[in-house]
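Step one of this worksheet: look at the structure below.
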2 protein chains.
Amino acid sequence: MQRQNGVALWRQIADRIRTSIADGNYDREGKVPPELTLASEFGVNRHTVRSALAALAEEGIVRAVQGRGTLIERKERINFPISRRTRFTQGIGDQAREKEGLLLASSQETPSPDIAGRLKLPAGSKVIRLETLRKADRRPVSRASSWFAANRFGGIAEAYAKTGSITAAFEAFGVKDYVRAVTEISAVHADAQDLADLGLSPGAIVLVTRALNCDMDGAPVQYSVTRFPADLVQFTIEN
Amino acid sequence: MQRQNGVALWRQIADRIRTSIADGNYDREGKVPPELTLASEFGVNRHTVRSALAALAEEGIVRAVQGRGTLIERKERINFPISRRTRFTQGIGDQAREKEGLLLASSQETPSPDIAGRLKLPAGSKVIRLETLRKADRRPVSRASSWFAANRFGGIAEAYAKTGSITAAFEAFGVKDYVRAVTEISAVHADAQDLADLGLSPGAIVLVTRALNCDMDGAPVQYSVTRFPADLVQFTIEN
DNA sequence: CTAGATTTGTTCGTATGTATT
DNA sequence: GAATACATACGAACAAATCTA
């Protein structure tokens, strides 16, 4: 365990305990080992372990009870399958009881060269941008920016706001079906926006997907950049 | 930019600049904006920005030159395609000149329930574990633990050590072809092992894949957990 | 039920790292 | 580079809640 490298010891330890919980290492007992045990395992003071556990308690992952120990409140990650037929709501399935899709903002704008290229738009085209937030069981699980060709999908913001579903909104525009063409996955540290929107703390990890959806004629209909809290989400690709 | 959250300001800023570089935001100039510009952008003191840039220089990402500015030395991420026919060496393709595969260690052991289940092994079976490190242009790009059924692949460690390729090693055991059945992707903070093996600094992000390969009869032949430095690697899924 | 062992909660003090001016 | 304020980390000791024999 290193010191003096810009990341506080207690946060490094919090990260390791969080991973251990997600990996199911403490499933037997349903609680984390005692503070003194963890302290000697990590070779640090008990105060440092306590700071780490306090951070995890803040995140709702554990709950400390005097005399009993530190109980695990929430452990598994939500799994998102990625396939040709990726659908957000279906993907979550029954991994969460309450599912919510919010439209944060929408606007019409001139696309960046990158986005125009991905959507194969002719020069001078406009796009509609949707900013959306998805929650599962009250917790934010994704924050997406999506772009659509304005001439084909004018008014999609209203359709999404009404239904809370991209699939339903597409149907209103005659797109009965669509498929995921490409997905890029990377991971970065949460930025200020992520901290606010996804309710994360600095140093948290965000999984970023850049995805292109096409209609059944192979024409791009949606390009989106979605950010997921990495401690809550993983992806599965089945071939 | 938040303080008091376990991650030093200079490291948060280093992370953001690193991401900006990887996203190509400074491609125009080939260098990072002046320290005073960055300082006012992030709302911090110039000393703090200097600490951040010093850390990035330590990682070999930038190089400060007095009078000229802070030049970008290395920027793009390596892209790994994930598909039914995922092959490591082919995947890198011509994104790197020098490619290297090292066998760090190998052993025969009793599998954990998780691993026995993934490989569909009968109770009491043994497995062979391979610890491998891959480099591209001298930099470590992945660190893998792989498990194989011992009764079918006894001696695969030697075959891998000789060829540096799983595909070649499989051929020696009569597995002419294999396919990727499932890939799980998640992201965590680098642990002590990652810091050492992948040459990362604390707080760095590691992309973790858990992959199952099957032979053409659909029988599992390899389960592996691979860790990639997130600032160097991204994944692409084409459907 | 009591007594002792376990485990978390709290309060001192001291030294070092971080960030600003 | 120096001075200052705050955050981080360690150590020792004791208090309070819970469990166990």
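Please read these numbers as outputs of a predicted model, since none were measured by experiment. In the text below, chain A, chain B and the rest are named by the order of the sequence lines, each starting its count at 1.
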Problem - A:Arg139 atom CZ, neighbour heavy-atom count above 12 within 6.0 Å - result: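 Buried by this count: over 12 neighbours within 6.0 Å.
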
Exercise for the section: For A:Glu41, look at atom CD and say whether over 12 heavy atoms of other residues, nucleotides or ligands are found less than 6.0 Å away. Expected result: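 Yes, because the 6.0 Å sphere around CD of A:Glu41 holds more than 12 heavy atoms from other groups.
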
Whole-Å gap separating [atom2] ([N]) and [atom1] ([X]):
X: A:Leu53; N: D:dA9; atom1: CG; atom2: P; answer: 14 Å
X: A:Leu38; N: D:dA9; atom1: CG; atom2: P; answer: 16 Å
X: A:Leu36; N: D:dA12; atom1: CG; atom2: C1'; answer: 12 Å
X: A:Arg63; N: C:dT8; atom1: CZ; atom2: P; answer: 13 Å
X: A:Leu9; N: D:dG11; atom1: CG; atom2: P; answer: 12 Å
X: A:Lys31; N: D:dA17; atom1: NZ; atom2: C1'; answer: 13 Å
X: A:Glu35; N: C:dT10; atom1: CD; atom2: P; answer: 11 Å
X: A:Phe42; N: D:dC10; atom1: CZ; atom2: P; answer: 13 Å

Can you check whether [X] has a side-chain N or O nearer than 4.0 Å to OP1 or OP2 of [N]?
X: A:Asn45; N: D:dA9; result: no
X: A:Arg68; N: D:dA17; result: no
X: A:Arg46; N: D:dC10; result: no

Practice task
Could you tell me whether A:Ser51 contacts a base, only the sugar-phosphate backbone, or nothing, with contacts defined as non-hydrogen atoms closer than 4.0 Å?
Solution key: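 Here A:Ser51 touches no strand at all.
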
Which nucleotide in the list [options] gets nearest to the side chain of [X]?
X: B:Trp10; options: C:dT20, C:dT8, C:dT18; value: C:dT18
X: A:Arg50; options: C:dT20, D:dG11, C:dT8; value: C:dT8
X: A:Ala8; options: C:dT21, C:dG9, D:dA9; value: D:dA9

Problem - Ring geometry between B:Phe235 and B:Phe228 (parallel below 30°, tilted from 30 to 60°, perpendicular above 60°) - result: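 The arrangement is perpendicular - the two ring planes meet at more than 60°.
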
Practice task
Select from A:Thr48 and A:Val65 the residue whose nearest nucleotide in DNA chain D is closer to the 5' end of that strand.
Solution key: A:Thr48

Handout entry: Charged N-O contact under 4.0 Å between B:Arg134 and B:Glu100
Key = no

Practice task
State whether the distance check finds a donor on one side and an acceptor on the other, under 3.5 Å, for side chain A:His47 versus base C:dG9.
Solution key: no

Handout entry: salt bridge (charged side-chain N to carboxylate O under 4.0 Å, His left out) between B:Arg227 and B:Asp197, intermediate numbers included
Key = CA-CA 10 Å; B:Arg227 306 171 73 87; B:Asp197 293 340; over 6 Å; no

